[in-house]
Amino acid sequence: MDPETGTNRTVVTEFILLGLVETEKLQSMLFVLFFFAYLVTVGGNLSILAAILVEPKLHTPMYVFLGNLSALDIGCITVTVPPMLDRLVSHKRTISYDACLTQLFFFHLLAGMDCFLLTAMAYDRFLAICQPLTYSTRMSQTVQRILVAASWACAFTNALTHTVALTTLNFCGPKEVNHFYCDLPQLFQLSCSSTQLNELLLFAVGFIMARTPVVLIISSYIHVAAAVLRIRSAEGRKKAFSTCGSHLTVVCLFDGTGIFNYMCLGSEEASDKDKGVGIFNTVINPMLNPLIYSLRNPDVQGALRRVFVGRQSLT
């Protein structure tokens, strides 16, 4: 781009990602921690995927959605952490304008898909517990495919909307992004044109993407809780609450950090908090999800044992 075009066009061709720490010693420690977290996250989610594939008892809609969620977690951490590790090794903190937008697009695509998929999982629990007699027809393979396809379509539309809207902003300097990956709040701070419309768009779309799924999930679980409390068997209530509890824990972690990050746009003074939320979104959540879903689920635990030690699953 021509640097002499003035401030009415973007003249920044690359950004500088400041990362999490400055000192070289801390960077080495950070590399080890994040590399280990990446391996644990990918390994844990691949284990969940393998368990779902090998265990016939897990060939149900709930675990189909869980398998998709595990694949998304692998994608989400891969979009952000390996590029950061590469910068820590090479000591090159720059990222091109196009690469920055690409990273932003895929991050919002996968995070948005996570949001809609968690909603589909809540709907699945509602049908399974509240309407068990019609569950097999209302949650058929066709319905599952429609829910997954609709989730991808909504997530793609959301990611593309924000990415295209960002290209309308002018970036003339400075170009230091106080984060370890490209995201909207930090890029808004660097724009030399008004970001009012972009922030309004982010708030409006974020409100729809955050509030609508939350309302649907809460509504589903109000009905689920009422149905579970009517179960006479204590063992039946325990199993139902255990399954739903894992999903609710993931929803609270995901939506809580997402709302904090995007509904409260960070100022420069809030950058350190934004980094903490970013670590939670991209590293901690994907790493915890396999543990949350397997910790109190005997079916998943049995399938994992079969994967790793070759035991036959219990019938």
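Throughout, numbering of the chain's residues begins at 1 and tracks the sequence.
- Nearest heavy atom pair, residue Thr80 against residue Pro83, reads O-CD, 3.4 Å.
- Ile217 and Met113 fall within a single hydrophobic cluster, where Ile, Leu, Val, Met, Phe, Trp and Tyr side chains are chained together by heavy-atom contacts under 4.5 Å.
- Remark: Ile146 pairs with Thr142 by the side chain to side chain contact (heavy atoms under 4.5 Å, CB included) rule, at least two apart or across chains.
- Below 30°, between 30° and 60°, or above 60°: for His179 and Tyr181 the angle between ring planes is between 30° and 60°, a tilted geometry.
- When all heavy atoms of Thr94 and Arg87 are compared, the closest pair comes out as O-CD, 4.5 Å.
- The side-chain contact (heavy atoms from CB on, under 4.5 Å) test with Phe34 singles out one residue from Thr282, Leu39, Ile279, and that residue is Ile279.
- Across Asp124 and Met139, no two heavy atoms sit closer than the pair OD1-CG, 3.6 Å.
- A continuous path of ILVMFWY side-chain contacts below 4.5 Å connects Tyr38 to Val21, so both sit in one hydrophobic cluster.
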*asked:* Please evaluate residues Phe31 and Met84 with respect to the criterion side chain to side chain contact (heavy atoms under 4.5 Å, CB included), reporting the C-alpha separation (whole Å), side-chain torsions for both, the decisive distance (0.1 Å), and the verdict.
replied: CA-CA 9 Å; Phe31 177 87; Met84 182 189 71; over 6 Å; no

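- Taking the centre of each ring, Phe15 and Phe171 come in below the 6.0 Å mark.
- For Leu33, the CG atom counts as densely surrounded, since its 6.0 Å shell holds more than 12 non-hydrogen atoms of other residues, nucleotides or ligands.
- Leu17 approaches Phe180 most closely through the heavy-atom pair CD1-O, 4.0 Å.
- Here the closest heavy-atom approach between residue Leu101 and residue Thr163 is recorded as O-CG2, 4.1 Å.
- Aromatic rings from His247 and Tyr293 are positioned such that their centres are separated by 6.0 Å or more.
- No single ILVMFWY cluster, assembled from side-chain heavy atoms under 4.5 Å apart, contains both Ile95 and Ile16.
- In terms of heavy atoms, Asn178 sits closest to Gln186 at O-CG, 4.1 Å.
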